[in-house]
Protein chains: 2
Amino acid sequence: MSRYLALRRAMLPTTVVDLAEQVAAAGYKVTGPRLAVLRAIAACAESSFSVHELEQWVQARGESPGVASIFRTVRLLCTLNLVERIHGIEDCHRYCLTNERHGHHLMCTQCGALERFNNCGMQPAIRHLERQTGFQITAHLVGLFGLCPNCVRAGAPSLPGRT
Amino acid sequence: MSRYLALRRAMLPTTVVDLAEQVAAAGYKVTGPRLAVLRAIAACAESSFSVHELEQWVQARGESPGVASIFRTVRLLCTLNLVERIHGIEDCHRYCLTNERHGHHLMCTQCGALERFNNCGMQPAIRHLERQTGFQITAHLVGLFGLCPNCVRAGAPSLPGRT
DNA sequence: AGTCTTGTTGATATATACTATCATTCACGT
DNA sequence: ACGTGAATGATAGTATATATCAACAAGACT
Ligand SMILES: [Mn+2]
Ligand SMILES: [Mn+2]
Ligand SMILES: [Zn+2]
Ligand SMILES: [Zn+2]
């Protein structure tokens, strides 16, 4: 544990400390701007976030990191498998903290609220398609979209969708 | 059927004529630039395509349509449900001709080859998640990725993936 | 076939998402 | 405390996509 991180550890949420320690363990420096991005991410930890939303979060607090550093930090966290990119329908690139287990997401099209799930039930279909098509399937992308309970109650309009 | 389209119908692939007739039926004009985009799309009808790939296709043939008109045509076809946007893992926005039935896609990460399938097997998981989370799920996005038989034979490298 | 009308085009500018460059700064091991 | 190399911010650049608008042409009408 570096002196810099130790000094700040007491006043940081555990999510931020966890992320910072993994960044340090991978040999990367825990800098002020990076910590600010980690705090922004931790504030969104329960749902999903875009780079633009992180940018607004840090700017609203007068923090330093510029756009480039926010992108760099998100990319670093992705390569460290601490954050993963998830796909929306229209608003394409969003991010969330990586789940420990293999998983997919269920996202509110109105507010970005996120639930995760692991059992997509696609393995039989995948094996069938491999036999049928000759493809070697190495990845699958599953995203569910709809309205979270809060947005349902608020009467938010739902996107027309396929089921 | 307009005179302009009738004149050219004989020398056009059926896919292009089908698309052009639906464009006309919706009250839009069948112009030269639009026909060029339709021919480019028809050339990719069996797989997927990006706007950039369409651009290269028409430019390689010295056709007129500028980038703006290619984007406009693809967008028009999307609103007419003749073309749909599909999502990749990294290279995000690609397109393909719309399937008559509800469907998902299986795409080659190497060459863009596309297979479609309808039965993703997710309905039980979707119903379970609705009960469990209180979300109203209105859409689902399912994409499978891997190597097509040709690229497997050619020894193409596969993306590291989740299954 | 000629004319009219309105939808469409291409050039250009603009917007947004993201990356490359590079001089300056600062985290961290010593 | 110091030195070094990694990280930063400012800036410019690339890629994707859209807004504007004068010029054009598809299709309807005669
Ligand atoms: Mn799965
Ligand atoms: Mn389905
Ligand atoms: Zn919501
Ligand atoms: Zn292939």
Side-chain angles (χ1 to χ4, degrees), chain A residues 1-9 12 20-38 40 49-56 58-59 62-80 83 85-88 90-95, chain B residues 1-9 12 20-38 40 49-56 58-59 62-80 83 85-88 90-95:
Chain A
M1 157 100 43
S2 72
R3 298 219 328 258
Y4 183 84
L5 179 53
L7 275 173
R8 284 156 181 73
R9 181 174 194 172
L12 290 172
E21 286 181 348
Q22 292 191 259
V23 166
Y28 296 93
K29 294 178 180 174
V30 177
T31 65
R34 270 184 187 157
L35 268 178
V37 176
L38 295 186
F49 52 90
S50 63
V51 170
H52 181 62
E53 286 163 5
L54 297 181
E55 190 185 346
Q56 293 180 311
V58 300
Q59 284 180 354
E63 312 251 15
S64 55
V67 195
S69 286
I70 297 175
F71 272 104
R72 281 190 282 237
T73 302
V74 170
R75 196 182 354 158
L76 171 65
L77 297 174
C78 283
T79 66
L80 295 178
V83 157
R85 175 183 282 186
I86 60 183
H87 292 252
E90 291 304 320
D91 170 25
C92 202
H93 289 161
R94 297 183 67 80
Y95 301 85
Chain B
M1 157 102 44
S2 73
R3 295 209 346 246
Y4 184 86
L5 179 53
L7 276 172
R8 284 157 180 73
R9 181 173 195 172
L12 289 172
E21 286 181 348
Q22 292 191 259
V23 166
Y28 297 94
K29 294 178 180 173
V30 177
T31 65
R34 270 185 186 156
L35 268 178
V37 176
L38 294 186
F49 53 90
S50 63
V51 170
H52 182 61
E53 286 163 5
L54 296 181
E55 191 186 346
Q56 292 181 312
V58 299
Q59 284 180 354
E63 313 252 14
S64 56
V67 195
S69 287
I70 297 175
F71 273 103
R72 281 191 282 238
T73 302
V74 170
R75 197 181 356 156
L76 172 65
L77 297 174
C78 283
T79 66
L80 295 179
V83 158
R85 175 183 281 185
I86 59 182
H87 292 252
E90 292 303 321
D91 170 24
C92 205
H93 289 162
R94 297 184 68 79
Y95 301 85

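Since the model is a prediction, treat every value here as computed from it, not as a measurement.
Annotation: side chain to side chain donor-acceptor pair (under 3.5 Å) contacts of A/E55 (sequence neighbours excluded): none. Checked against ring pair (Phe, Tyr, Trp, His ring centres under 6.0 Å), B/H93 has the following partners two or more places apart in sequence or in another chain: B/H87. Taking A/E63 as the reference, A/R39 meet the side chain to side chain donor-acceptor pair (under 3.5 Å) condition, with sequence neighbours excluded. Scored by the side-chain contact (heavy atoms from CB on, under 4.5 Å) test, B/F49 finds B/I41, B/C44, B/E53, B/L54, B/V83, B/Y95 as partners (sequence neighbours excluded). The side chain to side chain donor-acceptor pair (under 3.5 Å) search around A/Q59 returns none, not counting sequence neighbours. With sequence neighbours excluded, the residues that form a side-chain contact (heavy atoms from CB on, under 4.5 Å) with B/R72 are B/A68, B/S69, B/R75. Residues satisfying the side-chain contact (heavy atoms from CB on, under 4.5 Å) criterion with A/Q22, sequence neighbours excluded, are A/L82.
Using a 4.0 Å heavy-atom cutoff across all strands shown, B/H93 reaches sugar-phosphate atoms only and no base atom. Using a 4.0 Å heavy-atom distance criterion, A/V30 is classed as a sugar-phosphate-only contact.
Two end axes, each from the C1' atoms of five base pairs, can be drawn for the helix from C/dA1-D/dT30 to C/dT30-D/dA1; they diverge by 40°, to 10 degrees.
Between the CG atom of A/L35 and the P atom of C/dA27 there is a distance of 10 Å, given to the nearest Å. In this structure, B/F71 atom CZ and C/dT16 atom P are separated by 16 Å, rounded to whole Å. Computed from coordinates, the A/E55 CD to C/dT19 P distance equals 14 Å when rounded to whole Å.
The line from CG of A/L76 to OG1 of A/T79 is 5.0 Å long, rounded to the nearest 0.5 Å.
Here the side chains of A/V23 and A/T73 are not in contact, with every heavy-atom distance at 4.5 Å or above.
From the 5' end on, the contacts that DNA chain D makes with chain A at under 4.0 Å to a non-hydrogen atom open and close at D/dG5 to D/dG9.
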Contact string for nucleotides 1-11 of chain C, one letter per nucleotide 5' to 3', B = base within protein heavy-atom range under 4.0 Å, S = sugar-phosphate only, - = neither, reads -----BBSBB-
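Contact record, B/A40 with B/V58: CB-CG1, 4.1 Å, taken as the closest heavy-atom pair.
Position along DNA chain D of the nearest nucleotide to B/R75 versus B/A24 favours B/R75 as the more 5'-ward residue.
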Show which side-chain atoms of residues 27-37 of chain B pair as donor or acceptor with protein atoms under 3.5 Å away, not counting sequence neighbours.
unit_1 : atom_1 : unit_2 : atom_2 : d
B/T31  : OG1    : B/R34  : N      : 3.2
B/R34  : NH1    : B/K29  : O      : 2.8

